[in-house]
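Report on one structure; see the data block that follows.
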Amino acid sequence: MIKHEWIEKGYIDEAVPAGVDLKAEIRRLCKEKNAVVLAHYYTDGSIQDVADFVGDSLALAQIAEKTTAEILVMCGVHFMAETNKILSPEKKVLIPDLNAGCSLAESCPANELAKFKQEHPGYKVIAYVNTSAAVKALTDIVVTSTNARAVVESFPKDEKIIFAPDKNLGGYLNAVTNRSMLLWNGGCHVHEQFSIEKIVELKSTHPGAKVLAHPECKSGVLALADFIGSTAAILAFAEKSEATEFIVATESGILHEMMKRCPEKRFIPVPPTTGPCACNECGYMRLNTLEKLYNTLKHEWPTVELDEELRKAAKAPIARMLELSK
Ligand code: 13P
Ligand code: SF4
């Protein structure tokens, strides 16, 4: 039985009995229930190590669509779990903590985007996957940072386009595709924090290091980057590059996979502008813990549910993206 206090909290905080090997129990429950655990590169290393699949937001959406598992547990943030449910309504989609939101998704409420669309008739709408289902339902096509450039370039050069919600990614896309899409004024609280001064400092103390940046970073950070790309693209670049040191301007959870793939290379996370806090960690991603994952699998709650009309409306622009990304 799901307790009222868990519903209020949005996660299960039942104490795990002492001596339980959480990783072994999670794997056992997955096997018993035909469940898979999907984890984003920004989650804690312990979550990535126990997951069936670790990936960027595009790869996780593609896996969710294809897997034959009956239960998907999305260790990431809410819009990722919601995307899984949109693509696989017949599956039970679980999220260890319903509070795992996304500041970028929150920066674009559906009613405000609907109003903006009305004020700009004749515009196509491209939305980053970091949005709610209600926002996706208002758009023509969804993008992730892996396929954003290709999707934008699939539109005629003179097409009038609104890009939402990330102004940094949108500005970067405008620059590389030579377009002038109208940009929604949204941003990610983690990627907006990276310090330009500290990157300059790190470059001078590590002259051979390559700067890797996610396109959600501010334009000043992107201007200093040797490579700009999604989490998967950044990983692939680091693997292939002959450089041995990298200055990393994205959420620091990615260092776990970087060090796994390239143990001989050195990865230096860029600190945020504000003091010694852990702002290069996404607090939402870090709400995923082994205890919550175990309890989610055990009790099969919290689930992600969607109204069927909304799900269908949000699916169309995601399906268009997946078709273009095959
Ligand atoms: P990726 O699509 O590169 O995995 O990024 C997701 C995200 O939330 C970035 O902040
Ligand atoms: Fe959202 Fe930023 Fe966290 Fe990515 S890092 S999930 S964009 S808040």
Side-chain angles (χ1 to χ4, degrees), residues 38-44 47-48 51 53-64 74-84 95-109 126-132 135-136 142-151 163-170 172-173 184-194 212-218 221-222 225 227-238 248-258 269-270 272 277-288 318 321-322 325:
L38 310 179
H40 190 270
Y41 291 123
Y42 292 165
T43 53
D44 186 77
I47 298 282
Q48 297 186 43
F53 303 100
V54 185
D56 70 349
S57 46
L58 177 64
L60 295 174
Q62 287 167 325
I63 291 162
M74 184 65 233
C75 293
V77 291
H78 193 269
F79 76 81
M80 295 178 176
E82 201 172 56
T83 302
N84 295 346
I95 181 165
D97 189 332
L98 278 170
N99 303 299
C102 167
S103 56
L104 188 46
E106 278 152 30
S107 69
C108 187
I126 303 183
Y128 195 27
V129 70
N130 297 39
T131 43
S132 66
V135 163
K136 288 183 176 83
V142 166
V143 298
T144 71
S145 44
T146 290
N147 58 28
R149 184 174 179 168
V151 171
F163 184 87
D166 191 65
K167 62 176 183 298
N168 295 326
L169 173 61
Y172 166 72
L173 290 169
W184 189 263
N185 188 20
C188 157
H189 72 298
V190 179
H191 287 87
E192 296 228 294
Q193 284 294 325
F194 292 121
L212 312 176
H214 196 280
E216 289 173 22
C217 295
K218 291 173 295 198
V221 168
L222 297 182
F227 181 77
I228 299 166
S230 65
T231 49
I234 286 177
L235 275 159
F237 181 91
V248 185
T250 191
E251 213 274 0
S252 58
I254 198 172
L255 267 75
H256 183 73
E257 182 67 15
M258 288 178 149
V270 176
C277 72
C279 304
N280 57 5
E281 285 185 2
C282 171
Y284 299 116
M285 287 280 181
R286 304 309 168 116
L287 290 176
N288 292 283
I318 302 176
M321 167 189 81
L322 291 175
S325 308

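Note that ligands are numbered from 1 as they come in the structure, with each ligand's atoms numbered from 1 the same way. The figures here come from the full heavy-atom set of this structure, side chains too, leaving out hydrogens, waters and symmetry mates.
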Residue part near ligand 2, for Cys282, under 4.0 Å between non-hydrogen atoms: side chain

Proximity of His40 and Tyr284 rings by center, below 6.0 Å: no

Polar contact flag, side-chain donor to acceptor under 3.5 angstrom, Asn147-Ser325: yes

Under 3.5 Å: donor-acceptor pair, side chain of Gln62, backbone of Leu322: no

Ligand-side contact atoms (ligand 1) for residue partner Ser230, heavy atom cut-off under 4.0 Å: 3 (O)

Over all atoms of both residues, closest heavy-atom pair of Pro165 and Tyr128: CD-CB, 3.7 Å

Shortest protein contact, atom 1 (Fe) of ligand 2 (heavy atom only): Cys102 SG, 2.4 Å

Leu169, Asn168, Thr250, Val221 screened by side-chain contact (heavy atoms from CB on, under 4.5 Å) with His191, the one that passes: Thr250

Option set His214, His191, Met80, criterion heavy-atom distance to atom 5 (O) of ligand 1, minimum: His214

Atom 2 (Fe) of ligand 2 [closest protein heavy-atom partner, distance rounded to 0.1 Å]: Cys188 SG, 2.3 Å

Nearest-option assignment for atom 8 (O) of ligand 1, heavy atoms, candidates Val143, Asn130, Thr146, Leu58: Asn130

Heavy-atom gap His40 to ligand 1 smaller than 4.0 Å: yes

Test side-chain contact (heavy atoms from CB on, under 4.5 Å) applied to Glu257 and Thr231, step by step: CA-CA 10 Å; Glu257 182 67 15; Thr231 49; over 6 Å; no

Nearest neighbour in protein (non-hydrogen) for atom 2 (O) of ligand 1: Ser57 OG, 2.5 Å

Expected output: side-chain Thr43 to main-chain Cys75 donor-acceptor under 3.5 Å: no

Contact atoms of ligand 1, heavy-atom distance to Thr231 under 4.0 Å: 1 (P), 3 (O), 4 (O)

Sidechain-backbone polar pair: Lys136 side chain, Val129 backbone, donor-acceptor under 3.5 Å: yes

Within-shell test, Ser145 vs ligand 1, heavy atom, strictly < 4.0 Å: yes

Exam field: side chain Asn280 to backbone Val270, donor-acceptor pair closer than 3.5 Å: yes

Subset of ligand 1 atoms that lie under 4.0 Å from at least one heavy atom of Glu216: 7 (C), 9 (C), 10 (O)

Within-shell test, Tyr42 vs ligand 1, heavy atom, strictly < 4.0 Å: yes

Exercise: identify the closest heavy-atom pair between Ala39 and Ile47: CB-CG2, 4.0 Å

Numbered atoms of ligand 1 (with element) below 4.0 Å of Asp56, judged on heavy atoms: 4 (O)

Subset of ligand 2 atoms that lie under 4.0 Å from at least one heavy atom of Ser103: 8 (S)

Proximity flag Glu216 to ligand 2, non-hydrogen atoms under 4.0 Å: yes

Atoms of ligand 2 close to His189 [distance to a heavy atom under 4.0 angstrom, numbered from 1]: 8 (S)

